[in-house]
Every structure is written in C-alpha cells, then in structure tokens.
Amino acid sequence: MELNSIGLSADKSKSLGADLNHLLANFQTYYQNLRGIHWNIKGKRFFDLHLKFEELYTDANLKVDLVAERILTLGGVPLHTFTDYVQNSKVPVGSNVTRDEDAIRLIVDSLKELLLIERRILLASDEAADEGTNSMMGDFITEQEKTVWMMKAWLAEEI
C-alpha cells in the first residue's frame with residue numbers, strides 16, 4: 001500500500017478528498033443560504049434571527065475553510081467555483097426566504113443533509129485511520145446536532 005506524506009493510504013486519502021469536496025460544495029450552499037436569510041429575514045423576530053443567522057454563517061464560513069484545508073492536507077484540490085458547488089450540492093437552495101419559520105426549516109433541512117454526508121465521511125475516515133478528518137467530522141456532527149435540536153425547539157417540533 002502506497003502511503004502519502006502524512007502516513008495515510010494514498011488511495012483512501014484520495015477517496016476521502018473527493019468525499020470532503022462533496023461536503024465542501026454542500027457547505028458552500030448552506031453558507032449562501034444563511035447569508036440570504038440573514039439579509040432578507042423580516043418580521044417581529046428580525047433582530048434575534050438576524051444575529052443568529054450571522055452567528056451561523058460565520059461558523060459555516062470557518063468550517064468551509066477547515067474542510068478545504070483538510071482536502072489540501074490529504075493531497076487533493078478543493079472545489080472553488082460556483083459551478084462546482086451547484087453540480088455537487090444536495091443541500092436545498094433557499095431563494096427569497098423572508099419568513100422566520102421558512103428560514104429555520106431551511107436550516108434544519110440543510111443541516112440534515114450535511115449530517116448525512118459527514119456521517120459517511122466519519123465512517124470512511126475511521127476505516128482509513130485518518131484521525132484528522134475523523135475528529136473534524138465528529139466535532140461538526142456534535143455542533144450541528146445541537147443546532148438542529150435548538151431549531152426544532154424554536155419551531156416547537158420534536159427532534
């Protein structure tokens with residue numbers, strides 16, 4: 001088995017890089033959704049939600065960078081065009097979302113898709129003995145599950 005410069009299987013690293021690029025594309029869509037709802041939210045909850053959405057898009061932006069840098073660490077090249085993101089993303093695209101409940105549902109639906117991708121990467125990174133990617137996915141999953149719980153509580157819905 002050929003190892004890369006960080007001691008991981010070159011083949012498994014290449015595969016994980018592709019999986020992470022899929023996650024990156026989805027995170028970019030999620031990030032753009034958050035920017036859109038931050039800008040366009042209306043109603044009596046504007047002030048609270050405007051700040052919350054800013055918090056979420058700031059966090060998503062940091063995660064985008066972490067994912068891209070992990071792809072580079074594994075020897076890959078991160079996707080970086082909007083065309084790449086659109087072609088590789090399954091996160092729903094929010095357009096002109098102005099209502100509070102619609103915005104929160106968009107976040108929950110987006111996070112559900114991200115969590116599915118992250119769990120697949122978690123399993124693959126464990127199999128590859130890639131602790132760096134595995135740890136990152138574990139951290140992302142923990143934070144996002146809590147966010148889903150909070151958003152569902154805001155909607156007065158069961159998790």
Side-chain angles (χ1 to χ4, degrees), residues 16-74 76 78-127 130-159:
L16 280 166
D19 293 342
L20 287 166
N21 259 322
H22 180 66
L23 179 62
L24 180 64
N26 282 275
F27 248 112
Q28 289 285 31
T29 302
Y30 174 60
Y31 170 79
Q32 208 53 49
N33 282 341
L34 292 167
R35 294 302 305 235
I37 60 177
H38 168 78
W39 294 326
N40 294 311
I41 195 70
K42 295 182 182 349
K44 295 176 184 174
R45 296 182 183 106
F46 169 84
F47 291 107
D48 293 332
L49 291 176
H50 185 74
L51 290 174
K52 184 62 176 177
F53 298 155
E54 182 175 358
E55 173 190 320
L56 291 171
Y57 77 65
T58 299
D59 178 68
N61 189 43
L62 292 173
K63 284 181 171 60
V64 161
D65 196 52
L66 290 171
V67 171
E69 289 175 352
R70 188 66 193 165
I71 293 165
L72 290 162
T73 300
L74 292 172
L79 298 176
H80 55 275
T81 68
F82 284 109
T83 302
D84 289 335
Y85 303 148
V86 170
Q87 290 175 348
N88 290 282
S89 182
K90 292 186 176 192
V91 165
V93 174
S95 180
N96 299 318
V97 177
T98 59
R99 290 187 55 242
D100 54 4
E101 287 191 21
D102 294 339
I104 300 299
R105 286 187 199 289
L106 178 60
I107 291 169
V108 170
D109 292 345
S110 298
L111 287 173
K112 181 179 179 183
E113 188 62 43
L114 291 173
L115 285 162
L116 290 170
I117 297 164
E118 290 160 356
R119 285 192 179 96
R120 286 192 297 267
I121 294 170
L122 184 73
L123 293 173
S125 62
D126 186 50
E127 184 179 301
D130 177 359
E131 180 58 29
T133 302
N134 196 272
S135 176
M136 181 187 297
M137 291 305 103
D139 291 346
F140 286 11
I141 290 167
T142 300
E143 290 175 29
Q144 291 163 358
E145 287 176 342
K146 184 175 180 179
T147 301
V148 168
W149 160 65
M150 290 178 169
M151 296 296 163
K152 295 288 275 185
W154 187 93
L155 290 165
E157 295 177 357
E158 294 296 320
I159 192 92

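Since we're looking at a predicted model, the values are computed, not measured.
Under 4.0 Å is where a charged nitrogen must lie from a carboxylate oxygen, and between D59 and K63 at least one such pair does. Using a cut-off of 4.0 Å between Lys/Arg side-chain N and Asp/Glu carboxylate O, D130 and R70 are scored as salt-bridged. The pair K52-E55 meets the salt-bridge criterion, with a side-chain N (NZ, NE, NH1 or NH2) lying under 4.0 Å from an Asp/Glu carboxylate O. E113 and K90 are not joined by a salt bridge, as no carboxylate oxygen comes within less than 4.0 angstrom of a charged side-chain nitrogen. A salt bridge is defined here as a Lys NZ or Arg NE, NH1 or NH2 lying under 4.0 Å from an Asp or Glu carboxylate O, and R105 with E157 meets this definition.
Closest approach of L66 and M136 over heavy atoms only: O-CE, 3.5 Å.
With hydrogens and angles ignored, the 3.5 Å screen pairs a side-chain donor or acceptor of N33 with a backbone N or O of P92. Between the D84 side chain and the L79 main chain, no donor and acceptor come within less than 3.5 Å of each other.
Counting heavy atoms from C-beta on, the side chains of P78 and L72 come closer than 4.5 Å. Put simply, the side chain of L115 reaches to within 4.5 Å of the side chain of V148, judged on heavy atoms. Contact annotation: the side chain of N88 never approaches that of Q28 to less than 4.5 Å [non-hydrogen atoms, C-beta and beyond]. Side-chain contact check for H22 versus N26: some heavy-atom pair is nearer than 4.5 Å. L23 is listed as a side-chain neighbour of M137, based on a closest heavy-atom distance under 4.5 Å. Under the 4.5 Å side-chain criterion, counting only non-hydrogen atoms from C-beta, H80 is in contact with Y85. W154 is listed as a side-chain neighbour of D100, based on a closest heavy-atom distance under 4.5 Å. With contacts defined as side-chain heavy-atom distances shorter than 4.5 Å, the pair V64/Y30 does not qualify.
Checked against ring pair (Phe, Tyr, Trp, His ring centres under 6.0 Å), Y31 has no partners two or more places apart in sequence or in another chain.
Using bins of under 30°, 30° to 60° and over 60° for the plane-to-plane angle, the ring pair F140/F27 lands in the perpendicular bin. Note: F46 and H50 have parallel aromatic rings, judged against thresholds of 30 and 60 degrees for the angle between ring planes.
Residue T147 holds its OG1 atom at 9.0 Å from CD1 of I107, rounded to the nearest 0.5 Å. Distance OG/S95 to CD1/I37: 12.5 Å, rounded to 0.5 Å. With rounding to the nearest 0.5 angstrom, the NZ atom of K112 is 12.5 Å from the CD1 atom of I117. Atom CG of residue L51 and atom CD1 of residue I41 lie 12.0 Å apart, to the nearest 0.5 angstrom.
There is no side-chain donor-acceptor pair under 3.5 Å between N40 and T98.
E54 CD: more than 12 foreign heavy atoms inside a 6.0 Å radius.
When L34, V91, V97 are each tested for a side chain to side chain contact (heavy atoms under 4.5 Å, CB included) with L106, only one passes: V97.
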Original post:
Hey, mind stepping through N61 and D65 against side-chain contact (heavy atoms from CB on, under 4.5 Å) and telling me if it holds?
Top reply: CA-CA 7 Å; N61 189 43; D65 196 52; over 6 Å; no
Original post:
How far apart are the C-alpha atoms of R120 and D19, what are their side-chain angles, what is the distance that settles it, and do they pass the side-chain contact (heavy atoms from CB on, under 4.5 Å) test?
Top reply: CA-CA 8 Å; R120 286 192 297 267; D19 293 342; over 6 Å; no
**OP:** Output, in order, the C-alpha distance, side-chain angles, deciding distance and verdict of side-chain hydrogen bond (donor to acceptor under 3.5 Å, both in side chains) for T133 and S125.
**Re:** CA-CA 6 Å; T133 302; S125 62; 5.7 Å; no
